[in-house]
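In this chain, numbering begins with 1 at the start of the sequence shown. Just so you know, ligand 1 is whichever comes first in the structure, and atom 1 is the first atom listed for that ligand.
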Amino acid sequence: MEIVPPKVMGVLNITPDSFSDGGFYFEPEKAIDRAASLIGQGADILDIGGESTRPGAAAVSLEEELSRVIPAIKAIRSRFDVDISIDTSKAAVMTDAVNAGATMINDVYALRNEGALSAAAETTVPICLMHMQGTPETMQDAPQYKNLFDEINAFFRERIAACEIAGIDKERLILDPGIGFGKTHQQNVQLLANLEQLKWLGPQLLVGVSRKSVIGNIVGKPVEERMIGSVVAGILAAWQGASILRVHDVKETVDALAVCNALMAERR
Ligand code: 8Y4
């Protein structure tokens with residue numbers, strides 16, 4: 001079997017409350033600068049989002065979201081040869097983003113919103129289906145599972161079936177356990193420690209753990225001091241077979257992945 005090294009997806013938020021990189025990337029020029037930086041650091045994919053999916057974040061109108069992400073996608077695509085993932089749950093944003101040059105769809109609602117399945121089916125790009133219990137407003141109030149892995153696997157099975165009925169080839173799908181999206185701290189750790197239990201369904205895995213509370217809880221540090229903890233968690237995910245790491249700290253993750261890949265290539 002050929003070894004495919006995991007890819008690094010750099011986060012590029014285009015929201016006024018873009019917390020984690022301390023910036024406001026409204027204008028395409030700012031998005032271009034941030035894109036150039038992420039690409040220079042070695043990002044394979046840029047995850048462009050115009051709607052904050054943080055717990056408790058306010059919703060964004062379709063017009064507002066489009067006005068944030070579409071100019072940024074066009075501007076980045078015209079300058080750089082990089083994969084662009086559109087982080088959205090809205091069907092119209094998926095359609096326009098792919099037409100503007102996005103090469104992947106990243107939907108934290110896993111195509112459950114109105115029209116999203118058919119919008120995604122109309123494209124040919126890979127699609128990340130993320131697991132989330134509840135909605136961002138309330139998901140962290142009281143996450144509850146009878147069996148965490150059974151329920152997440154059942155969710156993925158249902159979404160894969162819905163995609164296939166909508167005409168989306170299973171080969172296009174990427175699955176994501178949705179770290180921090182309706183899970184307790186312990187459940188987040190259990191997921192990160194047992195990724196192989198999500199792999200038997202077939203599709204490749206994407207993991208996003210960068211700077212999240214699960215890291216903060218373990219290292220006991222605020223968001224701006226979670227880089228090393230995040231890199232280690234990402235590398236342990238890669239070691240367990242994750243194919244894409246969604247990260248803020250691209251340069252550090254790329255170096256750590258190089259070490260991981262070198263050891264992985266000599267496994268027997
Ligand atoms: C600090 C930094 C605290 C970041 C919280 C956060 C994922 C995702 C997000 C993920 C996929 C976030 C859009 C949440 N997380 N997409 N998006 N997987 N596929 N929170 O894990 O970064 S946003």
Side-chain angles (χ1 to χ4, degrees), residues 6-15 17-23 44-60 65 68-69 83-90 93-94 97 102 104-113 116 120 125-137 139-140 152 155-156 159 173-183 185 187-189 191-192 195 198 203-219 221-227 229-231 233-234 237-238 242-250 253:
K7 293 192 166 161
V8 176
M9 169 187 271
V11 176
L12 207 173
N13 285 322
I14 310 190
T15 56
D17 59 344
S18 152
F19 49 101
S20 223
D21 37 29
D44 303 295
I45 308 163
L46 306 182
D47 190 37
I48 299 188
E51 180 185 33
S52 179
T53 20
R54 271 187 306 164
V60 171
E65 194 175 333
R68 291 178 186 181
V69 298
D83 277 307
I84 293 178
S85 156
I86 176 66
D87 161 18
T88 192
S89 299
K90 294 191 181 83
V93 178
M94 294 174 189
M104 176 173 169
I105 294 167
N106 176 26
D107 183 5
V108 300
Y109 278 98
L111 305 182
R112 286 177 292 165
N113 275 357
V125 300
I127 303 157
C128 179
L129 303 175
M130 197 194 77
H131 175 270
M132 166 166 55
Q133 184 181 81
T135 61
E137 299 81 56
M139 63 190 180
Q140 289 311 110
I152 291 179
F155 173 84
F156 285 146
R159 295 318 297 158
L173 300 178
I174 298 160
L175 304 178
D176 182 338
I179 300 301
F181 286 84
K183 285 107 188 166
H185 173 70
Q187 288 160 348
N188 287 319
V189 175
L191 285 167
L192 288 169
L195 292 179
L198 305 173
Q204 302 199 318
L205 299 184
L206 185 155
V207 173
V209 64
S210 183
R211 298 186 187 174
K212 287 182 180 175
S213 302
V214 63
I215 302 298
N217 290 336
I218 293 170
V219 301
K221 290 185 176 163
V223 67
E224 64 277 8
E225 295 176 41
R226 296 177 186 170
M227 188 271 286
S230 298
V231 170
S243 300
I244 303 175
L245 304 179
R246 181 181 182 276
V247 306
H248 299 85
D249 302 290
V250 169
T253 302

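Contact check for Lys183 versus Ile152: side-chain heavy atoms found under the 4.5 Å cut-off. Val207 places a side-chain heavy atom less than 4.5 Å from the side chain of Leu195. Taking the side chain as every heavy atom from C-beta outward, Ile86 and Met104 never approach each other to under 4.5 Å. Residues Ile45 and Ile84 have side chains not in contact (no heavy-atom distance under 4.5 Å, counting atoms from C-beta outward).
Here Leu206 has side-chain heavy atoms under 4.0 Å from ligand 1, and that is the only part of it that gets that close. Contacts with ligand 1 closer than 4.0 Å are made by no heavy atom of Ser213, backbone or side chain. Contacts between Arg226 and ligand 1, counted as non-hydrogen atom pairs separated by less than 4.0 Å, are absent for every part of the residue.
Near Cys128, with a cut-off below 4.0 Å to any heavy atom, the atoms of ligand 1 are 19 (N). Close approach of ligand 1 to Gly208 is summarised as follows: ligand atoms under 4.0 Å from at least one heavy atom of the residue are 21 (O). Taking a cut-off of under 4.0 Å to the non-hydrogen atoms of His248, the atoms of ligand 1 that pass are 2 (C), 4 (C). Of all the atoms in ligand 1, the ones that sit under 4.0 Å from a non-hydrogen atom of Asp87 are 13 (C). The ligand atoms of ligand 1 that sit less than 4.0 angstrom from a heavy atom of Val223 are 1 (C).
Between Ser89 and Asp107, the side chains place a donor N or O and an acceptor N or O closer than 3.5 Å (distance only, hydrogens not considered). Glu65 and Thr88 are linked by a side-chain donor-acceptor pair at a separation below 3.5 angstrom, with hydrogens and angles left out of the test.
Evaluated by nearest non-hydrogen atom to atom 22 (O) of ligand 1, the leading choice among His131, Met9, Arg246, Glu51 is Arg246. Between the choices Met132, Met130, Lys212, the shortest heavy-atom distance to atom 5 (C) of ligand 1 belongs to Lys212.
For ligand 1, the polar-atom distance check against Ser210 finds no nitrogen or oxygen pair separated by under 3.5 Å.
Counted within 6.0 Å of CD on Gln133, heavy atoms from surrounding residues, nucleotides or ligands total more than 12; the atom is thus considered enclosed.
Between the side chain of Gln140 and the backbone N or O of Gly182, at least one donor-acceptor pair lies under 3.5 Å.
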